[in-house]
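Working notes, structure below.
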Amino acid sequence: MEVVTRRASDLHLSAGAHPTVRVRGRLSALEDYPKLSGTDTREIVYSILTGDQRQRLETNWQLDFAYSVPGHARFRVNAYYQRGAIGAAFRLIPVDLSSIDGLGLPPSVHDFTRRPRGFVLVTGPTGSGKSTSLAAMIDEINATREEHIMTIEDPIEFLHGHKKCLVNQRELGSDAQSFGDALKAALRQDPDVILVGEMRDLETISTALTAAETGHLVFATLHTQDTAQTIDRIIDVFPSHQQGQVRVQLSVALQGIMTQQLIPTADGSGRAVACEVLVPNPAIRNLIREGKTHQIYSVLQTGSAQGMQTMDASLAMLIRHGKITQKMAESRSSTPEELRRLMGSASLAAA
C-alpha cells in the first residue's frame, strides 16, 4: 500500500536494507520500516506464495508470479536468492487500464490495433512501460473488434475483461509450460489476436512469425533500443542459412515497431513517454529483404506523413511542449547532435 500511496513503480525487499521503492525512476529507502533480516525477507515472501510456488522457488532459485491486494493493487513479482537470502522485486501494475491517447503514445499506434494480421513489436529497455502500452492496445482491440484474443504472459500483468472480444490469458507456470509450447497450442485455439509477453528464444520467435504469416495479429516485446536494431535482433536469432528466408518473411509480416523509453518530466511530477515508430512502407520492406537495416533511419526521418517518427523527433517534441528538459533529453538520445539540430531548426522556425 505504501507503493500505491507514494505512486512508486517498484518495491525491493533485500536482506540488510530497508524496504526500498522506486519513485519516478529513483530508489528511495522507506526508513520508517526497520532494516530487513534474511529471516524477515523469507517470511514476507513465503507468506504470499502457494506450496507449489515455494517448491519452484527452492528448485529454480528464482520465481515470477503475480500478487494482488484486492481492490487496491496488483504486482508482478520476481523472488530470488542472493547471498543465501531471499530477495524480491515487486512491479506495480495499475488496476485501471490506460488508453493509447492517455499514455501519450503517437496516433499511428491506433492503426496497429486495426491491422487484420501481421507482427507488431513494442520494444525498449526494462521498465520503459512496454507492458502498459501493449495492454492499452489490447484494450482498444477488445473494445472495437469482435474477435478472440489469446495472451501468453509470465506472469499475467493486466487483467482484461471480456468486452466485444473474448479474452483468454495464460500464465507460464500455472497455465502453460513455456512461451514456445503455449504459442504453438494457441494456433489451434482459434485466436484472431495473440499477445506474446516476451520473445526469448528461437522457437518462440519462429512460431510468432509463422502465426503472423498465417492470418493472426501478433503482438510481442523485445529488449532493443531502436527499431532497426529490433529487426536485426529477430533475424540474428536464426541460423545463418535461414536468415535470407526470415528477412523475406519479416518484410511481409511486419506491421509496425514502436521503441519507447520513459523520461522524468521537467516538473518532477512523473514520467513522459518518448517513442520511435516504424510503419513498414515499400521502401522499408525492401531494406529488410535486402539486409540494409542501417538505411532504415533515413526512411524514418522522412516518413512522418505515414506515422513514422525517430526517437530524436519525439524527444524534441516533448522539449517543445515543456514536458522534459533539453539536458535530460540529450542524456537519453543516442545521437544528441541530431537532437540539437532538430531543436535548432525548431527555434529558427519559431523565430
Side-chain angles (χ1 to χ4, degrees), residues 1 3-4 7-11 22 48 63-78 88-105 109-110 112-114 120-145 147-176 179 182-183 186 189 191-200 204 208 216-223 256 258-262 270-271 273 275:
M1 290 310 300
V3 174
V4 177
R7 297 177 67 192
S9 60
D10 300 83
L11 166 69
R22 186 180 292 278
I48 60 172
L63 176 71
D64 286 308
F65 63 101
Y67 173 66
S68 295
V69 180
H72 294 288
R74 188 173 157 80
F75 296 86
R76 182 183 79 198
V77 191
N78 181 277
F90 292 71
R91 165 67 51 83
L92 178 65
I93 301 164
V95 175
D96 299 320
L97 290 163
S98 299
S99 67
I100 289 171
D101 294 332
L103 292 172
L105 300 177
V109 175
H110 290 289
F112 295 162
T113 69
R114 299 183 192 118
V120 175
L121 293 154
V122 178
T123 79
T126 302
S128 59
K130 298 187 294 294
S131 301
T132 308
S133 296
L134 277 172
M137 291 187 220
I138 294 295
D139 190 52
E140 182 156 311
I141 292 171
N142 194 7
T144 56
R145 292 163 68 159
E147 297 182 341
H148 180 201
I149 301 170
M150 178 67 74
T151 79
I152 305 157
E153 301 171 73
D154 182 24
I156 290 170
E157 297 190 27
F158 292 89
L159 299 173
H160 294 274
H162 307 297
K163 293 183 181 176
K164 282 191 168 183
C165 291
L166 181 66
V167 188
N168 285 305
Q169 296 180 265
R170 301 189 71 196
E171 183 171 304
L172 258 57
S174 54
D175 305 315
F179 279 116
L183 190 49
Q189 291 155 1
D192 300 284
V193 179
I194 303 170
L195 166 69
V196 187
E198 201 177 321
M199 296 200 299
R200 293 177 180 168
T204 309
H216 306 86
L217 180 58
V218 179
F219 290 89
T221 67
L222 275 176
H223 294 282
M258 179 172 73
T259 300
Q260 62 181 63
Q261 55 176 321
L262 292 175
R271 292 189 288 176
V273 66
C275 302

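Counting begins at 1 with the first residue of the sequence. FYI, side chains are in, hydrogens and waters are out, and symmetry mates aren't considered; it's all heavy atoms of this structure. Model, not experiment: these values are computed from the prediction.
- Separating the NE2 atom in His223 from the CE atom in Met199 is a distance of 11.0 Å, to the nearest 0.5 Å.
- Atom CG of Leu159 is separated from atom CD1 of Ile93 by 8.0 Å, given to the nearest 0.5 angstrom.
- Thr144 has its side chain out of reach of Lys164: every pair of non-hydrogen atoms, C-beta onward, lies at least 4.5 Å apart.
- Annotation for Pro155 and Asp64: closest pair CD-CB, 4.2 Å, computed over non-hydrogen atoms.
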Could you go through Glu198 and Asp154, starting from their C-alpha distance and side-chain angles, then the distance that decides it, and tell me whether this counts as side chain to side chain contact (heavy atoms under 4.5 Å, CB included)? CA-CA 8 Å; Glu198 201 177 321; Asp154 182 24; over 6 Å; no
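- The line from OG of Ser131 to CG of Leu195 is 8.5 Å long, rounded to the nearest 0.5 Å.
- Side-chain atoms of Asn168 and His148 include a donor-acceptor pair closer than 3.5 Å.
- Shortest non-hydrogen contact noted between Pro191 and Ala186 is CD-O, 3.0 Å.
- Surrounding CZ of Arg7 are at most 12 heavy atoms belonging to other residues, nucleotides or ligands under 6.0 Å away.
- Annotation: the span from Thr151 atom OG1 to Leu134 atom CG amounts to 10.5 Å, rounded to 0.5 Å.
- The minimum heavy-atom distance between Leu262 and Gly129, with the atom names listed, is CD1-N, 4.1 Å.
- Counting only N and O atoms by type, the side chains of His110 and Glu140 include a donor and acceptor under 3.5 Å apart.
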Intermediate values then yes/no, side chain to side chain contact (heavy atoms under 4.5 Å, CB included), His216 and Met150: CA-CA 11 Å; His216 306 86; Met150 178 67 74; over 6 Å; no
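- Looking at every heavy atom in both residues, Leu217 comes nearest to Thr113 through CD2-O, 4.5 Å.
- Panel note: side chain Arg170, backbone Asp175; a donor-acceptor pair is recorded below 3.5 Å.
- The closest donor-acceptor contact from the side chain of Lys163 to the backbone of Ile141 lies at 3.5 Å or more, if one exists at all.
- Atoms CD and CG, from Gln260 and Leu103 in turn, are 8.5 Å apart once rounded to the nearest 0.5 Å.
- The two residues Val77 and Ala88 make their nearest non-hydrogen contact at CG1-CB, 4.4 Å.
- Looking only at distances, no side-chain donor or acceptor of Arg91 sits under 3.5 Å from a matching main-chain atom of Glu157.
- Remark: Arg145 CZ to Asp192 CG distance equals 7.5 Å, nearest 0.5 Å.
- Annotation: side chain of Met137 is in contact with side chain of Met258 (closest heavy-atom distance under 4.5 Å).
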Does the pair Phe90 and Val3 meet the rule for a side chain to side chain contact (heavy atoms under 4.5 Å, CB included), with working shown? CA-CA 9 Å; Phe90 292 71; Val3 174; over 6 Å; no
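- Listed for the Asp139 side chain is no donor-acceptor partner under 3.5 Å among the backbone atoms of His160.
- For the pair Val218 and Ala208, the tightest heavy-atom approach, listed with the atom from each and the gap, is CG2-O, 3.9 Å.
- Here the side chain of Gln169 pairs a donor or acceptor atom with the backbone of Phe158 at under 3.5 angstrom.
- Judged by distance alone, the side chain of Thr221 and the main-chain N or O of Val122 form no donor-acceptor pair under 3.5 Å.
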